[in-house]
Amino acid sequence: MKKLLLTGFEPFLSFPMNPTMQVVEKLDGSVIGDYLICGKILSVNFNASGEELIGHINKENPDAVLSLGLAGGRYKMTPERVALNVKDGEPDNEGHQPIDETIEVAGPPAYFSTLPIREMVNRLTNVGLPAAISNSAGTYLCNNVMYAGLHWAAQYKPGMPSGFLHIPASFELAVQHGKIPGWPLDELLKGVQVCIETLSD
Ligand code: PCA
């Protein structure tokens with residue numbers, strides 16, 4: 001059986017919880033399509049999250065990598081098309097705030113996702129879950145981790161599908177936060193499962 005490394009993030013900024021943690025914890029150890037799911041939580045830390053991801057890849061030797069992040073305020077599931085070689089944005093959980101920095105000094109300006117993002121969006125939409133390709137993962141931690149995974153794969157395992165899916169807030173988080181839309185957790189879980197099934201088929 002193949003193995004998929006599924007990552008989520010800890011809470012950050014104005015979000016007291018991160019539904020990606022719940023999704024990853026629920027799916028860890030399960031089998032979806034041809035994949036055994038290996039779930040890991042990454043820190044919201046510019047100086048650590050990329051290395052954490054690479055550490056998990058080296059230890060688990062997955063056949064594919066799907067990283068999840070919360071996009072608080074988005075209404076849809078959004079597979080990301082591109083990761084930029086840029087670190088810039090709000091402070092991370094350690095208070096570190098890079099401005100206009102590169103992630104990899106010798107790396108290319110950007111990488112495209114190697115996940116079947118169009119097919120993922122089509123399948124999500126077909127099962128009634130709102131979805132769209134996103135053309136920007138931002139320049140915060142999610143972009144940072146997506147870039148790190150694709151940069152590693154480009155060097156060491158070019159055939160390995162790798163990429164990022166931003167998910168909306170859970171209903172529970174939306175209620176706590178008060179200013180963002182939210183989905184029931186079960187629908188978030190279903191959306192992630194559909195994306196992994198798409199990759200498996
Ligand atoms: N979302 C943030 C970082 C952690 C997360 O879940 C982002 O979109 O960059």
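Order of listing sets the numbers, starting from 1, for every ligand and every atom in it. Residues take their numbers from the sequence shown, with the count starting at 1.
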Residue Phe15 excluded, over 12 heavy atoms near CZ under 6.0 Å: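 Enclosed.
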If you count every heavy atom of other residues, nucleotides or ligands that lies below 6.0 Å from Glu51 atom CD, does the total exceed 12?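 It does not: Glu51 CD has 12 such atoms or fewer within range.
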Polar atom proximity, Tyr140 to ligand 1 (N or O, under 3.5 Å):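 Tyr140 vs ligand 1: no N/O contact under 3.5 Å.
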Give the atoms of ligand 1, by number and element, whose distance to some non-hydrogen atom of [X] is under 4.0 Å.
{"X": "His166", "answer": "7 (C), 8 (O)"}
{"X": "Cys142", "answer": "1 (N), 2 (C), 3 (C), 4 (C), 5 (C), 7 (C), 8 (O), 9 (O)"}
{"X": "Leu141", "answer": "3 (C), 9 (O)"}

Residue portion contacting ligand 1 (non-hydrogen atoms closer than 4.0 Å) for Asn143: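 Neither; nothing of Asn143 gets under 4.0 Å from ligand 1.
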Lys/Arg N to Asp/Glu carboxylate O, Glu60 vs Lys3, below 4.0 Å: yes
Point-to-point distance, once rounded to the nearest 0.5 Å, from NZ of Lys190 to CG of Leu124: 9.5 Å
Do the rings of Phe12 and Tyr140 sit parallel, tilted or perpendicular, given the 30° and 60° boundaries?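 Phe12 vs Tyr140 ring planes: tilted.
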Tell me the protein heavy atom at minimum distance from atom 5 (C) of ligand 1, and give that distance in Å. Phe12 CE2, 3.2 Å
